[in-house]
Asker: 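Pasting a structure below so you can have a look.
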Amino acid sequence: MDELSDRGLNEWIDAARETIEDRQYEYGDERHNLLRIYKICRTLGVQLRDPADLALVFIATKLSRMVESPMREDSYIDLICYGAIYSRTRFTDWSEFGSPEEY
């Protein structure tokens, strides 16, 4: 693949929306998924402020991969998805999910 498709902005957003919906169906609500990963990280001794920081790690991972393979369209869709997940989880009141000790 030599170039990215000529998608319009709405097409990129629609593709990302479909991906997020598919992932929610497969893995459940992204906040619960990040909270599970956060708990695993804490057990392993990884220090994060809260589960939303994991979305930043996902974004950094995707950007690193895009340096090596910049023409993969699904990477751009993933990046849009991770940005949306970060914006949603950054403003989550994690106390609704229990006390920090329960993480």
Asker: Nearest 0.5 Å please: distance from the CG atom of D22 over to the CZ atom of R17.
Answerer: 12.5 Å

Asker: Indicate, with yes or no, if Y86 and Y27 share a hydrophobic cluster defined by side-chain heavy-atom contacts under 4.5 Å among Ile, Leu, Val, Met, Phe, Trp and Tyr.
Answerer: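 No: no chain of side-chain contacts under 4.5 Å links Y27 to Y86.
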
Asker: If you measure from CZ on R31 to CD on E96, what distance do you get to the nearest 0.5 Å?
Answerer: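 Those atoms lie 7.5 Å apart.
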
Asker: Ring centroid separation for F97 and H32, is it under 6.0 angstrom?
Answerer: yes

Asker: Is the shortest distance from a Lys or Arg side-chain nitrogen in D29 or R88 to a carboxylate oxygen in the other one below 4.0 Å?
Answerer: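 Result for this pair is yes, salt bridge flagged.
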
Asker: As an exercise, state the distance from CG of L54 to OH of Y38, rounded to the nearest 0.5 Å.
Answerer: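 One finds 8.5 Å between CG of L54 and OH of Y38.
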
Asker: Using modelled atom types only, decide if a donor and an acceptor are shared between the side chain of E68 and the backbone of R65 within a distance under 3.5 Å.
Answerer: no

Asker: Could you work out, with side-chain hydrogen bond (donor to acceptor under 3.5 Å, both in side chains) as the rule, every residue matching D6, not counting sequence neighbours?
Answerer: none

Asker: Would you check if the side chain of T61 reaches a backbone N or O of V57 as a donor-acceptor pair within less than 3.5 Å?
Answerer: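 Confirmed, T61 side chain pairs with V57 backbone.
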
Asker: Are any non-hydrogen side-chain atoms of Y25 and I20 less than 4.5 angstrom apart?
Answerer: no

Asker: Please enumerate all residues that pass side-chain hydrogen bond (donor to acceptor under 3.5 Å, both in side chains) together with D53, with sequence neighbours excluded.
Answerer: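 Here the qualifying residues are R49, R90.
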
Asker: Report the C-alpha distance between F58 and I37 in whole Å, list the side-chain angles of each, state the deciding distance to 0.1 Å, and finish with yes or no for side-chain contact (heavy atoms from CB on, under 4.5 Å).
Answerer: CA-CA 12 Å; F58 297 159; I37 297 168; 3.9 Å; yes

Asker: Side-chain contact test, heavy atoms from C-beta onward, threshold under 4.5 Å: evaluate it for I77 versus C81 and give yes or no.
Answerer: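 With C-beta onward as the side chain, the pair touches.
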
Asker: Mind checking the CE-CE spacing from M66 to M71? Nearest 0.5 Å is all I need.
Answerer: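 Atom-to-atom, M66:CE and M71:CE are 10.5 Å apart.
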
Asker: Looking at side-chain heavy atoms only, is the closest gap between T89 and P51 below 4.5 Å?
Answerer: no

Asker: With sequence neighbours left out, what residues match Y76 under ring-ring contact (aromatic ring centres under 6.0 Å, His included)?
Answerer: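 Result, ring-ring contact (aromatic ring centres under 6.0 Å, His included) vs Y76: none returned.
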
Asker: Inspect the surroundings of CZ in R7 and state if more than 12 heavy atoms from other residues, nucleotides or ligands are less than 6.0 Å away.
Answerer: yes

Asker: A side-chain contact here means heavy atoms from C-beta on lying under 4.5 Å apart; do L35 and K39 qualify?
Answerer: yes

Asker: OG of S69 to CG of D74: how many Å apart, nearest 0.5 Å?
Answerer: 9.5 Å

Asker: Verify side-chain contact (heavy atoms from CB on, under 4.5 Å) between I85 and L34, making sure each step is shown before the conclusion.
Answerer: CA-CA 10 Å; I85 290 169; L34 288 183; 3.9 Å; yes

Asker: With rounding to the nearest 0.5 angstrom, report the CD1 to CD1 distance, I80 to I59.
Answerer: 11.5 Å

Asker: Side chains of Y82 and E30: does their closest heavy-atom pair fall under 4.5 Å?
Answerer: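 Y82 does not reach E30 side chain to side chain.
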
